[in-house]
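I have placed the structure first, in the form of structure tokens, so that the comments after it can refer back to it.
Being a predicted model, the structure only gives us computed values, none of them experimental.
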Amino acid sequence: MTYQFGVATDGGLDAYPTLRNDVPVAPFSLNFGNKTYRTQDLTREELYRELETNPTHPTSSQPSPQEWLEAFRRAEAVSGSKNVLAVTISSGLSGSRNAAEQAASMAPDLRVTIHNSMTLSGAQAFQVHAAQTASENGETLQTALNWMKTISGETELYFTIETLEYLRRGGRIGRVAATLGGLLNLKPVITVDKSSGTYINVGRARSYSGGIEAVLKQVDRQFGQNAPLRAGLLYGSVKEDTDLARTLLEAQHPLLWSGEAGVNPVLNVHTGPRTVGVAAAPGPWPWER
């Protein structure tokens, strides 16, 4: 297959098996005291064991410029092109974009374009899918950027978590806790603000199952009942949590595409093991319109 350009992304991605998400990844790392794991070196099950048994709460690290450079080179090798499109996690949540820019300066023979997704997880996966689809379909890099811009504007990512403890430990609780008024027993509905690319709270519930229902009510509010959707479900330690989410989605919306993905270990450290979410967008993909 001939590609127009290579695509790379970072560890902010939660990949869906049925989307074109199989691209080179500059991994994030988890640090448990003096033990460090790269994203691909730690399964979610191993993460949960570490969280239960390791007294040190882990910190996460963005990809290094060298790791981004390795991803660029893999993208070049796969595509056969010196043009590389890098899709990064929101710059409001990580310094990964800065590392990608440093890596680009280390490879003067490559023509690297860096796209800040302003989101993460399943919503980032939608944009990676658009980039790779454009490349595989013989479209220009500018077309890929246009498709990603469209997807960015219309996609919403909502998730709830069983406990705020892990956001607190990771220092990312800020605006979420503030809007909950300090009532840490409540289950928040969290999204990523499109202007700042940071977490904000848009809803709350008194129970975890109520939080899942609140996530789907937010989807209904955003897109309107009966709107056809593309929906990527996300889960943490309990895959069955998506069963309720899917039931609620299918009761209100025709699903033009749907998939499920486990939250990757680095993101799961901040949400806590038990979480469920959905990346949703209206109508067909831009290239299908």
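Between the side chains of Tyr37 and Glu50, at least one donor N or O lies within less than 3.5 Å of an accepting N or O. No hydrogens or angles considered: nothing links the side chains of Thr88 and His115 as a donor-acceptor pair under 3.5 Å. Side-chain contact, Ser96 with Trp68: a donor N or O sits under 3.5 Å from an acceptor N or O. Remark: the Gln218 side chain and the Gln222 side chain contain no N/O donor-acceptor pair separated by less than 3.5 Å. Counting only N and O atoms by type, the side chains of Ser61 and Asn31 include a donor and acceptor under 3.5 Å apart. In this model, no donor atom of one side chain and acceptor atom of the other lie less than 3.5 Å apart for Tyr199 and Asp193. Checking Asp10 against Gln62 by side-chain atom types alone, no donor-acceptor pair falls below 3.5 Å. Under the 3.5 Å distance criterion, with hydrogens and angles disregarded, no donor-acceptor pair is assigned to the side chains of Glu76 and Ser81. A donor-acceptor contact closer than 3.5 angstrom is absent between the side chains of Thr119 and Ser117. A side-chain N or O of Thr18 and one of Trp257 form a donor-acceptor pair less than 3.5 Å apart.
Taking the charged nitrogens against the carboxylate oxygens, Arg74 and Glu67 have no contact shorter than 4.0 Å, which rules out a salt bridge. Between Lys187 and Glu162 there is no salt bridge, since none of the side-chain N atoms of the basic residue sits less than 4.0 Å from a carboxylate O of the acidic one. Salt bridge status for Arg97 with Glu101: present, with a side-chain N to carboxylate O gap under 4.0 Å. Between Arg246 and Glu250, at least one side-chain N (NZ, or NE/NH1/NH2) sits under 4.0 Å from a carboxylate O, which counts as a salt bridge. Electrostatic pairing of Arg73 and Asp109 counts as a salt bridge here, judged by a charged N lying under 4.0 Å from a carboxylate O.
Under the ring pair (Phe, Tyr, Trp, His ring centres under 6.0 Å) criterion, Tyr3 pairs with no residue at all, not counting sequence neighbours.
Open room surrounds CG on Asp22; 12 or fewer heavy atoms of other groups in view lie less than 6.0 Å from it. Residue Lys149 qualifies as open at atom NZ: its count of foreign heavy atoms under 6.0 Å is 12 or below. Counted within 6.0 Å of CZ on Arg221, heavy atoms from surrounding residues, nucleotides or ligands total more than 12; the atom is thus considered enclosed.
With rounding to the nearest 0.5 Å, the separation of OH in Tyr235 from CG in Asp14 is 10.0 Å.
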